[in-house]
Protein chains: 2
Amino acid sequence: MGDLESLGSSLAVDRSAPTLREQALEKLRKAVIGGELAPGTRLVERRLCDLLGVSRTVVREILRQLEAEGWIVNPPYKGPTVATVSADDARQIYEIREALEGLAARLCATRAKPADIKRLQDAVDGMAEAVAAGDVEQHILHIEAFYEALTDGAGHRMMQAYLASHRSRLARLRSISLSRPQRAGRSVIEKRRLLEAVKLRDSASAQRLAEDHVRNSREAALGTAEQDAPTPSNAAAGVSPSTPAASSPRRRSGVA
Amino acid sequence: MGDLESLGSSLAVDRSAPTLREQALEKLRKAVIGGELAPGTRLVERRLCDLLGVSRTVVREILRQLEAEGWIVNPPYKGPTVATVSADDARQIYEIREALEGLAARLCATRAKPADIKRLQDAVDGMAEAVAAGDVEQHILHIEAFYEALTDGAGHRMMQAYLASHRSRLARLRSISLSRPQRAGRSVIEKRRLLEAVKLRDSASAQRLAEDHVRNSREAALGTAEQDAPTPSNAAAGVSPSTPAASSPRRRSGVA
DNA sequence: CGTTGTATGATGGAATACCAAAAAACGGAA
DNA sequence: TTCCGTTTTTTGGTATTCCATCATACAACG
């Protein structure tokens with residue numbers, strides 16, 4: 001009775017230790033994704049030290065990490081700058097998303113467990129609520145939850161991180177697009193249809209619906225972007241200035 | 001006469017690795033991919049300093065970078081170790097490759113320029129030669145060139161890096177599989193068929209052939225792996241020991 | 001003999017000071 | 001204005017130091 005083995009690993013201690021580096025990394029990454037640090041912004045190491053309150057050692061490590069993740073670019077001896085997303089980048093991202101989210105939907109339809117489907121359902125319900133309330137931010141959170149459930153249901157933890165980073169890269173574009181009530185509602189409807197296909201274990205339909213959904217998102221996003229941008233075909237797709245130097249040649253925009 | 005532009009980039013100095021960090025990064029990454037550092041190997045920072053001849057700062061930077069790329073894992077308070085590729089990881093990678101290489105083939109068939117097709121042709125010819133000579137290493141080099149041309153032809157620089165890293169992750173599995181002459185020859189034939197479809201601008205066939213090719217590669221690789229592995233279904237797919245500690249519990253294997 | 005407490009060494013996390021090299025900014029001369 | 005050299009800023013990189021934590025060995029104790 002009461003021997004330790006019977007407990008299994010239920011009381012295994014949580015070994016996660018939020019290091020300074022991880023906290024700083026998260027803050028900086030969020031600032032980049034959220035747009036507080038605009039694309040093209042020069043990231044001066046010592047300035048970041050002050051901003052984040054950590055040493056240069058830590059700053060340099062997280063800069064390398066963000067570089068590997070593609071959020072910043074780092075020409076040697078020139079210093080890191082926030083990466084830009086060109087119109088062509090956006091196209092590639094949408095095309096990749098179409099293929100991978102189609103795959104995820106197909107696999108999810110065949111493999112998803114009831115718990116996964118429940119999560120999908122909750123996410124869709126949450127989205128509908130958020131749209132009804134006009135809360136874009138909440139809508140996006142539920143979208144993320146939806147895709148997380150979708151990739152989990154498909155048994156693809158690897159794809160999850162990759163797709164999430166791609167979606168983040170289009171964050172600006174997406175929030176513009178979803179702030180139009182019509183597009184937001186349409187997006188929810190399409191996801192709900194996808195969910196229905198998954199419930200019916202109809203993998204072919206699920207794949208097709210997911211692909212169509214990405215295509216529609218793309219058209220909506222690039223369509224709205226074109227309304228803002230003066231030269232829609234050539235310019236960065238409303239995401240970032242592809243040639244920031246062209247306008248004010250003197251001082252590059254810097255952090256802080 | 002003799003103006004600088006006429007020289008083109010013929011005498012462009014090799015700026016590929018100007019910084020120590022990049023050189024060290026490349027060396028370490030190669031060592032991981034090549035298997036000189038087996039999965040599960042503990043990477044002790046101070047040891048790596050000696051090995052690479054750089055300071056701890058640089059070592060830590062490249063460790064963070066490799067961590068972001070997924071080549072190493074870094075459990076808190078334990079220190080970085082070379083990542084393992086489980087059988088489930090391998091499955092996910094193959095499924096992702098199937099979707100993305102199918103996409104690349106489809107787009108390449110519609111978008112490829114003559115120069116791209118030439119590169120594909122050269123790569124296939126090179127592969128055939130290498131297989132005839134029984135040179136697995138050369139074969140793999142041409143495979144990489146083939147996929148590079150394919151993704152370029154599809155206009156997908158982003159996908160290129162991602163797919164390349166996935167292929168690298170299966171490097172061991174692949175070299176085992178391709179050292180069987182039968183599979184090697186079959187692989188070339190399948191790629192040649194894909195090339196023909198691209199030449200004919202038959203995007204649907206190209207996609208299907210690319211997907212089939214990945215599926216066949218997968219079956220071949222996992223099939224051969226099963227011949228070696230004692231418990232094929234559960235064990236890491238011949239790629240790495242998923243539980244390296246199980247055998248010799250005393251000292252963990254360390255670098256050098 | 002087995003259990004428990006403690007000393008110790010190895011290692012990662014982090015800060016700091018320092019120097020070299022490259023690039024950018026600046027300022028003066030033609 | 002444009003060109004050229006100088007100064008300043010910033011990154012690349014090293015060395016050193018300190019601390020927290022962990023794993024192990026070992027001693028003490030029942």
Side-chain angles (χ1 to χ4, degrees), chain A residues 3-5 12-28 37 40-68 72-82 244-245 248-256, chain B residues 4 13-28 40-68 72-82 244-245 248-256:
Chain A
D3 58 349
L4 290 178
E5 276 64 20
V13 70
D14 177 23
R15 271 188 109 100
S16 70
T19 62
L20 269 186
R21 168 165 45 86
E22 287 175 59
Q23 298 176 46
L25 174 65
E26 202 153 329
K27 283 211 174 184
L28 192 53
L37 294 173
T41 305
R42 228 357 217 80
L43 298 173
V44 180
E45 291 180 2
R46 286 177 175 84
R47 211 81 59 104
L48 291 175
C49 293
D50 297 341
L51 246 65
L52 296 167
V54 296
S55 74
R56 226 182 126 202
T57 311
V58 171
V59 166
R60 288 180 57 161
E61 286 180 42
I62 66 177
L63 285 177
R64 298 302 155 264
Q65 198 145 352
L66 289 176
E67 185 188 353
I72 68 179
V73 293
N74 193 8
Y77 292 106
K78 290 206 176 170
T81 60
V82 178
S248 74
R250 267 287 158 218
R251 282 218 171 272
R252 287 176 304 181
S253 60
V255 57
Chain B
L4 290 176
V13 68
D14 180 24
R15 273 206 185 272
S16 58
T19 65
L20 263 187
R21 187 181 62 236
E22 285 178 51
Q23 298 175 44
L25 174 64
E26 201 153 329
K27 279 206 176 185
L28 193 53
T41 305
R42 254 308 247 101
L43 298 173
V44 180
E45 292 182 0
R46 290 171 174 85
R47 209 83 58 105
L48 290 176
C49 293
D50 298 340
L51 245 65
L52 297 168
V54 296
S55 73
R56 230 182 123 197
T57 310
V58 171
V59 166
R60 287 176 64 100
E61 284 179 316
I62 67 178
L63 285 178
R64 299 289 95 76
Q65 201 145 350
L66 289 176
E67 185 187 354
I72 68 178
V73 292
N74 197 3
Y77 297 113
K78 285 209 174 167
T81 60
V82 178
S248 73
R250 269 284 159 223
R251 283 225 169 271
R252 285 173 302 182
S253 61
V255 57

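Note that this is a predicted model, so its numbers are computed, not measured. In what follows, chains carry the letters A, B, and so on, assigned in the order in which the sequence lines appear, proteins first and then strands, with residues in each chain numbered from 1.
- Judged by distance alone with a 3.5 Å cut-off, a donor-acceptor contact links the side chain of A:Arg60 to the base of D:dG13.
- Each of B:Leu28, B:Val73, B:Thr41, B:Leu66 was compared with B:Val82 under the side chain to side chain contact (heavy atoms under 4.5 Å, CB included) criterion, and only B:Thr41 meets it.
- Taking CG from A:Leu48 and CG from A:Leu37, the interatomic distance works out to 8.0 Å, rounded to the nearest 0.5 Å.
- Remark: P of D:dG13 and CD of B:Gln23 are 8 Å apart, rounded to the nearest angstrom.
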With the criterion being N/O to N/O and under 3.5 Å, what pairs connect the protein with nucleotides 17-22 of chain D, and how long is each?
none

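- D:dG13 atom P lies 11 Å from atom CG of B:Leu25, rounded to whole Å.
- As a whole-Å value, the separation of A:Ile62 CD1 from D:dT11 P is 13 Å.
- Counting only distance, with no hydrogens or angles, the side chain of A:Arg60 and the backbone of B:Val58 share no donor-acceptor pair below 3.5 Å.
- Not a single donor-acceptor pair under 3.5 Å links the side chain of A:Arg64 to the backbone N or O of B:Leu63.
- Rounded to an integer number of Å, the gap from CD of B:Glu22 to C1' of D:dG12 is 11 Å.
- Along DNA chain D, the nucleotide nearest B:Val54 and the nucleotide nearest A:Pro80 are compared for position; the residue whose nucleotide lies closer to the 5' end is A:Pro80.
- A:Asp50 has its CG atom 11 Å from the P atom of D:dT10, to the nearest Å.
- Taking atom CZ of residue A:Arg42 and atom C1' of nucleotide D:dT9, one finds them 9 Å apart after rounding to whole Å.
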Which atom pairs, donor and acceptor, lie under 3.5 Å between side-chain atoms of residues 50-57 of chain A and protein residues at least two apart or in another chain?
| from | atom 1 | to | atom 2 | distance (Å) |
| --- | --- | --- | --- | --- |
| A:Ser55 | OG | A:Thr57 | N | 3.4 |
| A:Arg56 | NE | A:Glu45 | OE1 | 2.7 |
| A:Arg56 | NH2 | A:Glu45 | OE1 | 3.0 |

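- Residue contacts shown for A:Thr57 include a base, since a base heavy atom lies under 4.0 Å away.
- Listed by chain and residue number, nothing satisfies the side-chain hydrogen bond (donor to acceptor under 3.5 Å, both in side chains) test with B:Gln65 (two or more places apart in sequence, or in another chain).
- The side chain of B:Leu20 lies closest to D:dT14 when the candidates are C:dG13, D:dT14, D:dT10.
- Residues forming a side-chain hydrogen bond (donor to acceptor under 3.5 Å, both in side chains) with A:Thr19 (at least two apart in sequence, or on another chain): A:Glu22.
- Contact annotation: B:Arg64 does not reach the phosphate of C:dG12 (side-chain N/O to OP1 or OP2, under 4.0 Å).
- Spacing between atom CG of B:Leu52 and atom P of D:dG12 amounts to 18 Å, rounded to whole angstrom units.
- Between the side chain of A:Ser55 and the base of C:dA14, no donor-acceptor pair of N or O atoms lies under 3.5 Å.
- End-to-end axis angle for the helix from C:dC1-D:dG30 to C:dA30-D:dT1, using five pairs per end and rounding to 10°, comes out at 10°.
- The two residues B:Gly40 and B:Thr81 make their nearest non-hydrogen contact at O-CB, 4.1 Å.
- B:Arg46 meets the side-chain hydrogen bond (donor to acceptor under 3.5 Å, both in side chains) test with no other residue; sequence neighbours excluded.
- B:Arg21 places its CZ atom 17 Å from the P atom of C:dA21, with the value rounded to the nearest Å.
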